[in-house]
Amino acid sequence: QVQLVESGGGLVQPGGSLRLSCAASGNIFSINDMAWYRQAPGKDRELVARISSGGSTKYADSVTGRFTISRDNAKNTQYLQMNSLKAEDTAVYYCRADVLIKYTDTYLEVWGQGTLVTVSS
């Protein structure tokens with residue numbers, strides 16, 4: 001019904017930047033909250049940043065001031081601009097969206113497949 005497709009991961013040196021994208025497609029009426037999570041090897045998945053439909057944002061303390069979440073509602077797409085990357089930012093990054101399915105009153109939590117970000121010299 002609905003899928004999220006991520007792009008933009010890769011290898012970057014410490015101090016560098018990357019921009020992740022996550023595009024939603026399918027039977028979408030609207031999208032409420034959108035968010036990015038990450039999971040490093042041997043660790044639990046953690047919330048990185050969240051953005052509401054109105055544009056309010058929330059960040060994990062570890063990325064505040066370095067990462068910026070944004071969204072383009074017309075394209076059903078969210079972004080994560082990551083600057084001043086550190087080795088500890090290395091993880092698989094997942095996007096999530098709360099999607100209102102067309103012709104229903106049901107919000108569905110949808111996850112992307114994940115994209116690997118490696119910060120290393």
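If you read the sequence from its start, that first residue is 1, and numbering goes on from there.
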Would you say that [X] contacts [Y] through its side chain, given a criterion of any heavy-atom pair below 4.5 Å between the two side chains?
{"X": "S62", "Y": "E88", "result": "no"}
{"X": "S120", "Y": "L11", "result": "yes"}
{"X": "Y59", "Y": "T68", "result": "yes"}
{"X": "T115", "Y": "L20", "result": "yes"}

Subject >> Residue from N76, I28, I31 passing side chain to side chain contact (heavy atoms under 4.5 Å, CB included) with V2 >> reply: I28
Original post:
Taking only residues two or more places apart in sequence or in another chain, which ones pass side-chain hydrogen bond (donor to acceptor under 3.5 Å, both in side chains) with Q113?
Top reply: none
Original post:
Partners of N83 by side-chain hydrogen bond (donor to acceptor under 3.5 Å, both in side chains), sequence neighbours excluded?
Top reply: S17, Q81
Original post:
Any link between L4 and L80 through a network of hydrophobic side chains (Ile, Leu, Val, Met, Phe, Trp, Tyr) touching at under 4.5 Å?
Top reply: yes
Subject >> Verify same cluster id: I69, M34 (apolar side-chain graph, 4.5 Å) >> reply: yes
Between [atom1] of [X] and [atom2] of [Y], what distance do you get to the nearest 0.5 Å?
{"X": "K75", "Y": "S21", "atom1": "NZ", "atom2": "OG", "value": "9.5 Å"}
{"X": "D98", "Y": "S52", "atom1": "CG", "atom2": "OG", "value": "11.5 Å"}
{"X": "Q78", "Y": "E6", "atom1": "CD", "atom2": "CD", "value": "8.5 Å"}
{"X": "Q39", "Y": "D44", "atom1": "CD", "atom2": "CG", "value": "7.0 Å"}
{"X": "R71", "Y": "C95", "atom1": "CZ", "atom2": "SG", "value": "12.0 Å"}
{"X": "M82", "Y": "L18", "atom1": "CE", "atom2": "CG", "value": "4.5 Å"}

Original post:
If every non-hydrogen atom of I101 is compared with every non-hydrogen atom of Q1, which pair is closest and at what distance?
Top reply: CG2-NE2, 4.1 Å
Subject >> Least distance between heavy atoms, S70 atom then I51 atom >> reply: CA-CD1, 3.9 Å
Original post:
What residues join L100 in its hydrophobic cluster, counting side-chain heavy atom gaps under 4.5 Å, either direct or through other members?
Top reply: F29, Y107
Original post:
Which other residues belong to the hydrophobic cluster containing V92, where Ile, Leu, Val, Met, Phe, Trp and Tyr are joined when side-chain heavy atoms lie under 4.5 Å apart, directly or via other members?
Top reply: Y37, L47, Y94, W111, L116
Original post:
Is a side-chain donor or acceptor of R50 paired with a backbone partner of S56 at a separation under 3.5 angstrom?
Top reply: no
Subject >> Residue list, side chain to side chain contact (heavy atoms under 4.5 Å, CB included) with D89, at least two apart or on another chain >> reply: R38, R66, F67, L85, K86, Y93, V119
Subject >> Contacts of R45 that satisfy salt bridge (Lys or Arg N to Asp or Glu O under 4.0 Å) - sequence neighbours left out >> reply: none
